[in-house]
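Structure first, commentary second.
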Amino acid sequence: MTAQPPEPSPRPVPSGELRASHDDREAVVEQLRDAAAEGRIDLDELDSRLEQALTSKTYAQLAVLTADLPKSPSSAAENLPPLVLKGGMYGASRGPGRWDVPGHVIAHAGMGGVSLDFTRVECRLAEVVVEAYGETSGVTIVIPDGWAADTTGTDPGFGGLKDKTTSDRLPGTPLIRLTGSGGMAGVVIRHPNKRERRKLDGDATRG
């Protein structure tokens with residue numbers, strides 16, 4: 001019996017030749033519109049580039065359209081290191097003011113608990129991974145109306161997981177992908193409550 005020669009292993013696809021998704025094209029469209037608003041490209045060039053962006057099939061085709069433009073805020077955010085919050089004995093929080101949102105947030109509740117409030121941030125990332133561990137005192141996450149959360153990767157633990165968010169995600173908003181464990185005290189993710197909404201409305205009016 002003649003031995004069959006081994007089949008050649010598939011050739012790795014260069015990253016530029018990988019297929020782009022709808023979200024990838026939309027991100028480029030948003031960057032081009034921002035560039036036009038800033039006067040970096042004129043309207044005729046914007047129309048031409050938008051048409052090419054919407055018909056691009058690979059990352060390489062998209063990259064050409066923004067190669068001469070500054071990186072978008074989302075690109076800068078992708079380079080931020082993970083944000084690690086440790087509740088310790090006295091608790092820890094981020095927000096409700098403005099803060100730079102990285103692509104990965106890790107929250108260990110400890111004895112004091114952790115609070116994460118995204119309601120006043122500007123985030124152009126398509127997705128933010130929040131790794132939450134409820135431990136002894138729990139983690140509370142507040143996201144704006146119009147943002148959505150995927151909690152399927154979370155282990156409820158003894159404390160449980162309370163997902164009080166809606167699935168009504170607005171275009172251009174990030175998906176909060178929640179992972180981790182509820183621990184003893186649990187993890188809560190929700191939209192602003194009535195008191196927080198009144199505060200947000202008041203700040204918007206004064207602004």
Going from [atom1] on [X] to [atom2] on [Y], what distance comes out if it is rounded to the nearest 0.5 angstrom?
{"X": "W147", "Y": "H191", "atom1": "CH2", "atom2": "NE2", "answer": "11.0 Å"}
{"X": "D163", "Y": "T154", "atom1": "CG", "atom2": "OG1", "answer": "8.5 Å"}
{"X": "N193", "Y": "R190", "atom1": "CG", "atom2": "CZ", "answer": "5.0 Å"}

Next item on the list: Take V29 and Q31, measure what side chain to side chain contact (heavy atoms under 4.5 Å, CB included) needs, and give me the verdict at the end.
Entry: CA-CA 5 Å; V29 166; Q31 187 176 355; over 6 Å; no
Over all heavy atoms of both residues, which pair between [X] and [Y] is shortest? Give the atoms and the distance, please.
{"X": "A92", "Y": "K86", "value": "CB-O, 3.5 Å"}
{"X": "A53", "Y": "L62", "value": "O-CD2, 3.8 Å"}
{"X": "A109", "Y": "V139", "value": "CB-CG2, 3.8 Å"}
{"X": "S181", "Y": "G157", "value": "OG-CA, 4.4 Å"}

Note to self: Once you measure the plane-to-plane angle for W99 and F118, does it fall in the parallel (<30°), tilted (30-60°) or perpendicular (>60°) bin?
What the structure shows: tilted
Check this for me, if you would: do [X] and [Y] make a salt bridge, where the nitrogen-to-carboxylate-oxygen distance has to be below 4.0 angstrom?
{"X": "E131", "Y": "R177", "value": "no"}
{"X": "D34", "Y": "R124", "value": "yes"}
{"X": "R49", "Y": "D68", "value": "yes"}

Next item on the list: Evaluate the criterion side chain to side chain contact (heavy atoms under 4.5 Å, CB included) for residue pair T165 and I143; output intermediate values, then yes/no.
Entry: CA-CA 8 Å; T165 63; I143 63 175; 3.8 Å; yes
Note to self: Testing T140, V101, V130 one by one against L116 for a side chain to side chain contact (heavy atoms under 4.5 Å, CB included), which residue passes?
What the structure shows: V130
Next item on the list: Start with the C-alpha distance between L46 and D44, add both sets of side-chain angles, then the distance that settles side chain to side chain contact (heavy atoms under 4.5 Å, CB included), and finish with yes or no.
Entry: CA-CA 5 Å; L46 172 64; D44 288 339; over 6 Å; no
Next item on the list: Report the C-alpha distance between R94 and L85 in whole Å, list the side-chain angles of each, state the deciding distance to 0.1 Å, and finish with yes or no for side chain to side chain contact (heavy atoms under 4.5 Å, CB included).
Entry: CA-CA 8 Å; R94 186 56 58 99; L85 295 172; 3.9 Å; yes
Checklist line | H108 and E135, any side-chain heavy atoms less than 4.5 Å apart | finding: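 Of all side-chain heavy-atom pairs linking H108 with E135, at least one is under 4.5 Å.
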Margin query: Do E127 and L175 have side chains that approach each other closer than 4.5 Å (heavy atoms only, starting at C-beta)?
Written below: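 Yes, their side chains come closer than 4.5 Å.
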